[in-house]
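The shown structure was predicted, so the numbers you read here are calculated from the model rather than taken from an experiment.
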Amino acid sequence: MVTLTITLDPAVVSFYQRVAELAEKPVETVLADALFKLAGELSLEAMRKK
């Protein structure tokens with residue numbers, strides 16, 4: 001695994017912390033899952049445009 005540092009707005013952090021609490025997962029896992037899903041959606045969109 002590679003560790004990255006990102007800067008987020010406090011409101012975004014609060015949102016993902018709450019989601020993580022509800023999912024009973026670490027906030028880092030929730031953020032990683034959200035970024036992975038977005039990357040997949042963006043990739044599909046880019047392929048459709050070709």
Side-chain angles (χ1 to χ4, degrees):
M1 288 282 177
V2 176
T3 300
L4 300 173
T5 301
I6 60 172
T7 303
L8 298 172
D9 185 274
V12 173
V13 174
S14 293
F15 171 77
Y16 280 105
Q17 283 176 330
R18 182 67 178 132
V19 171
E21 289 172 10
L22 293 171
E24 298 180 348
K25 294 184 177 185
V27 69
E28 295 86 357
T29 300
V30 173
L31 283 168
D33 290 349
L35 288 171
F36 186 76
K37 182 176 182 200
L38 176 60
E41 291 171 355
L42 292 173
S43 296
L44 287 173
E45 186 178 322
M47 289 190 297
R48 283 189 203 123
K49 289 182 179 180
K50 284 190 172 186

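- Between atom CG of residue Leu35 and atom CD1 of residue Ile6 there is a gap of 6.0 Å, rounded to the nearest 0.5 Å.
- Of all non-hydrogen atoms in Pro26 and Ala20, the two that sit nearest each other are C-CB, 4.0 Å.
- Grouping Ile, Leu, Val, Met, Phe, Trp and Tyr by side-chain contacts under 4.5 Å, direct or through others, puts Met47 with Leu44.
- Scanning for salt bridge (charged side-chain N to carboxylate O under 4.0 Å, His left out) contacts around Glu21 gives Arg18, with sequence neighbours left out.
- Within the structure, side chain to side chain donor-acceptor pair (under 3.5 Å) contacts touching residues 23-39 (residues at least two apart or in different chains) do not occur.
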Let me have the donor-acceptor pairs involving side chains of residues 8-17, under 3.5 Å, with sequence neighbours excluded, atom names and distances please.
residue, atom, partner, partner atom, Å
Asp9, OD1, Ala11, N, 2.8
Ser14, OG, Pro10, O, 3.1

